[in-house]
*Asks:* 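To start, I am sharing the structure in question, which I have written as structure tokens.
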Protein chains: 2
Amino acid sequence: MDGKIYEAQAKYFKALSHPTRIKIVEYLRKNEMCVCEIFPHLGEEQSNISRHLAALKRAGILSSRKKGVSVYYRVQDENVFKVLELVLSFVKKVAKEKAAILS
Amino acid sequence: MDGKIYEAQAKYFKALSHPTRIKIVEYLRKNEMCVCEIFPHLGEEQSNISRHLAALKRAGILSSRKKGVSVYYRVQDENVFKVLELVLSFVKKVAKEKAAILS
DNA sequence: TGCTTTTATGGTTAAATACTCATAAAGTGT
DNA sequence: ACACTTTATGAGTATTTAACCATAAAAGCA
């Protein structure tokens, strides 16, 4: 039964199915960041970002470490950038086609 | 503003965030299929599958054509298989690590 | 110890999602 | 015209998700 596999894949995609969570992953592309840096950058409530971070961590996409009172999150699955890149190129292609139709 | 880009990516991921929808994409890997072939194969209600197919089509992942009374769906974005493959390998890696811890 | 900063979480609410059953809509064949 | 097949969709319901506000928990500092 690979039903479990499909479920695990679906969970991964669900973790990425919110624009704010994608923004977080992109923001962490180069360095780890603490929550106190992430939430002002995205202009969202701290509690909000905290839950989005927890969702990404649950999916295995991010990991975290504590340093003093701060918690630093970083990308755990580097593959996520390939995934994002593939979807980005598709999305751009569709946008381009849509623009071509209107011209 | 690339907020629109993040939203479009999120929509794509949302379309794949359900195991049944991933199964559908895999089932259509080689050939187009009509709804009447898909829903018995997945053992789900026809109305259910119809909605899942609509969601995948809205995201641009599938397309459809009508032939007689039947509607044939096929994969429109071949990139989706690369995306699925990347996530599959990640999911398997995590499962393997989890198994190693328990041994 | 008391004050401050940082993060996570409980409670509430509104909206979205997924499922089921029933039925409408469209096309085929008799 | 009628019956049958195939697909999509309306209505109802239960579950999940996301946002906000307030606050608890943990750690550092005066």
Side-chain angles (χ1 to χ4, degrees), chain A residues 3-4 6-25 27-28 31-76, chain B residues 3-4 6-25 27-28 31-76:
Chain A
K4 288 288 173 194
Y6 292 122
E7 277 179 32
Q9 282 177 301
K11 271 180 197 167
Y12 188 99
F13 289 125
K14 181 158 281 187
L16 294 175
S17 73
H18 193 292
T20 300
R21 290 196 288 271
I22 298 177
K23 285 181 202 170
I24 289 173
V25 172
Y27 189 53
L28 298 179
N31 308 298
E32 65 175 9
M33 299 273 190
C34 67
V35 183
C36 63
E37 293 171 293
I38 300 169
F39 88 84
H41 177 257
L42 297 182
E44 303 256 354
E45 288 222 355
Q46 178 271 322
S47 67
N48 227 333
I49 294 299
S50 197
R51 282 185 222 267
H52 282 311
L53 287 165
L56 287 163
K57 190 178 170 183
R58 247 180 281 127
I61 295 171
L62 301 185
S63 60
S64 66
R65 71 182 181 93
K66 219 173 168 184
K67 187 180 180 182
V69 76
S70 300
V71 178
Y72 285 79
Y73 282 85
R74 65 185 188 80
V75 173
Q76 175 71 19
Chain B
K4 288 288 175 195
Y6 292 121
E7 276 177 33
Q9 283 177 300
K11 271 181 197 166
Y12 189 100
F13 290 124
K14 183 159 280 187
L16 294 175
S17 73
H18 193 291
T20 300
R21 291 197 287 270
I22 298 177
K23 286 181 199 169
I24 289 172
V25 172
Y27 189 53
L28 298 179
N31 307 297
E32 65 175 9
M33 300 272 191
C34 68
V35 183
C36 63
E37 293 171 291
I38 300 169
F39 86 83
H41 175 258
L42 297 182
E44 303 255 354
E45 289 226 351
Q46 178 271 323
S47 66
N48 225 331
I49 294 299
S50 198
R51 285 184 222 265
H52 283 310
L53 287 165
L56 287 164
K57 189 178 171 183
R58 247 178 282 125
I61 296 171
L62 302 185
S63 62
S64 66
R65 70 185 182 92
K66 218 170 169 190
K67 188 179 181 185
V69 75
S70 300
V71 178
Y72 286 80
Y73 282 85
R74 65 185 187 79
V75 173
Q76 174 72 20

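Numbers restart at 1 for each chain; the letters A, B, ... are given by sequence-line order, proteins then strands. Computation of the quantities below employed the complete heavy-atom set of this structure, encompassing side-chain atoms and omitting hydrogens, waters and symmetry-equivalent molecules.
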*Asks:* Without decimals, in angstroms, what is the distance between Phe39(A) CZ and dT5(C) C1'?
*Replies:*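 Rounded to whole Å, this separation is 11 Å.
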*Asks:* Which atom names give the shortest non-hydrogen contact between Val71(A) and Lys66(A), and what distance separates them?
*Replies:*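 Minimum heavy-atom contact is CG2-CG, 4.0 Å.
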*Asks:* Is any side-chain N or O of His52(B) closer than 4.0 Å to OP1 or OP2 of dC19(C)?
*Replies:*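 Checking His52(B) against dC19(C): at least one side-chain N or O falls below 4.0 Å of OP1 or OP2.
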*Asks:* Between atom CD1 in Ile38(B) and atom C1' in dA8(D), what is the gap in whole Å?
*Replies:*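 Value for this atom pair: 14 Å.
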*Asks:* Over all heavy atoms of both residues, which pair between Ala59(A) and Tyr12(A) is shortest? Give the atoms and the distance, please.
*Replies:*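 Answer, listing the atom of Ala59(A) first, then Tyr12(A): O-CD1, 4.4 Å.
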*Asks:* Return the value, rounded to whole Å, for the distance between atom CZ of Phe13(B) and atom P of dT17(C).
*Replies:*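 Between P of dT17(C) and CZ of Phe13(B): 16 Å.
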*Asks:* Of all of residues 58-65 of chain B, which get a heavy atom below 4.0 angstrom from DNA chain C, listed by number?
*Replies:*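 Result for residues 58-65 of chain B: none.
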*Asks:* Could you check whether Ser70(B) gets within reach of a base, just the sugar-phosphate, or nothing at all, counting any heavy atom under 4.0 Å?
*Replies:*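 Here Ser70(B) touches the backbone only, sparing every base.
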*Asks:* So His18(A) and His52(A), would you call those rings parallel, tilted or perpendicular, with 30° and 60° as cut-offs?
*Replies:*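 Geometry flag for His52(A) against His18(A): tilted rings.
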*Asks:* Should the side chain of Glu44(A) and the base of dA19(D) be counted as holding a donor-acceptor pair, with the cut-off at 3.5 Å?
*Replies:*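 No such pair is found, so the answer is no.
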*Asks:* Check Tyr27(B) against Ile38(B) and note the closest heavy-atom contact, atom names and distance.
*Replies:*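 In this case the closest contact between Tyr27(B) and Ile38(B) is CE2-CA, 3.9 Å.
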*Asks:* Taking atom OG of Ser64(A) and atom CG of Leu56(A), what is their separation to the nearest 0.5 Å?
*Replies:*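 Answer rounded to 0.5 Å: 11.5 Å.
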*Asks:* Take Glu37(B) and Tyr73(B), measure what side chain to side chain contact (heavy atoms under 4.5 Å, CB included) needs, and give me the verdict at the end.
*Replies:* CA-CA 10 Å; Glu37(B) 293 171 291; Tyr73(B) 282 85; over 6 Å; no
*Asks:* Nearest-Å distance, CD (Glu7(B)) to P (dA18(D))?
*Replies:*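 Spelled out: CD on Glu7(B) to P on dA18(D) is 14 Å.
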*Asks:* Does the protein touch nucleotides 25-30 of chain D at the base, only the backbone, or not at all? Give it as B, S and - per nucleotide, heavy atoms under 4.0 Å.
*Replies:* -BSS--
*Asks:* Would you call the rings of Phe13(A) and Phe13(B) parallel, tilted or perpendicular if under 30° counts as parallel and over 60° as perpendicular?
*Replies:*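 Rings of Phe13(A) and Phe13(B): parallel, as their planes differ by under 30°.
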*Asks:* Over how many whole Å does the gap from Ile24(B) atom CD1 to dT7(D) atom C1' extend?
*Replies:*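 Distance, rounded to whole Å: 14 Å.
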*Asks:* Would you say Arg21(B)'s side chain and Ala10(A)'s backbone share a donor-acceptor pair under 3.5 angstrom?
*Replies:*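 Judged by distance alone, no pair lies under 3.5 Å.
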*Asks:* Quick check on DNA chain D: between Asn48(B) and Thr20(A), whose nearest nucleotide comes earlier from the 5' end?
*Replies:*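 Closest to the 5' end, via its nearest nucleotide, is Asn48(B).
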*Asks:* Measure OH/Tyr72(B) against C1'/dT5(D) and give the value in whole Å, please.
*Replies:*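 Answer to the nearest Å: 13 Å.
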*Asks:* Please figure out whether Ser47(A) or Ser17(A) has its closest DNA chain D nucleotide nearer the 5' end.
*Replies:*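 It is Ser17(A), whose closest nucleotide lies nearer the 5' terminus.
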*Asks:* Measure the CG-CE distance between Leu53(A) and Met33(A) for me, rounded to the nearest 0.5 Å.
*Replies:*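 Spacing of CG (Leu53(A)) from CE (Met33(A)) equals 12.0 Å.
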*Asks:* With a cut-off of less than 4.0 Å, is there a side-chain N or O of Tyr73(A) near OP1 or OP2 of dT6(C)?
*Replies:*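 False: Tyr73(A) side-chain N/O out of range (4.0 Å or more) of dT6(C) OP1/OP2.
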*Asks:* In whole Å, what is the span from the CD1 atom of Ile49(A) to the C1' atom of dT9(C)?
*Replies:*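 Atom-to-atom, Ile49(A) to dT9(C), this comes out as 16 Å.
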*Asks:* Just verifying a value: how many Å separate Leu42(B) CG and Asn48(B) CG, rounded to the nearest 0.5 Å?
*Replies:*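 Nearest 0.5 Å value for the CG-CG distance: 10.0 Å.
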*Asks:* Atom CD in Glu7(A), atom OG1 in Thr20(B): separation rounded to 0.5 Å?
*Replies:*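 Those atoms lie 9.0 Å apart.
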*Asks:* For dC19(C), does either OP1 or OP2 sit under 4.0 Å from a side-chain N or O belonging to His18(B)?
*Replies:*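 The answer is yes; a side-chain N or O of His18(B) sits under 4.0 Å from OP1 or OP2.
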*Asks:* For Gln46(A) and dT5(C), give me the distance from atom CD to atom C1', rounded to whole Å.
*Replies:*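 Roughly 11 Å, once rounded to whole Å.
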*Asks:* Does Ser17(A) use its side chain to pair, donor to acceptor, with the backbone of Lys14(A) at less than 3.5 Å?
*Replies:*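 Answer holds: yes.
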*Asks:* What I want to check is whether an N or O donor and acceptor connect the side chain of Glu45(A) with the base of dA19(D) at under 3.5 Å.
*Replies:*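 For Glu45(A), whose side chain was compared with the base of dA19(D), there is no donor-acceptor pair (under 3.5 Å).
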*Asks:* Produce the list of close N/O pairs, under 3.5 Å, pairing protein atoms with atoms of nucleotides 11-16 of chain C; give distances to one decimal.
*Replies:*
residue: dG11(C); atom: O6; partner: Arg51(A); partner atom: NH2; Å: 3.3

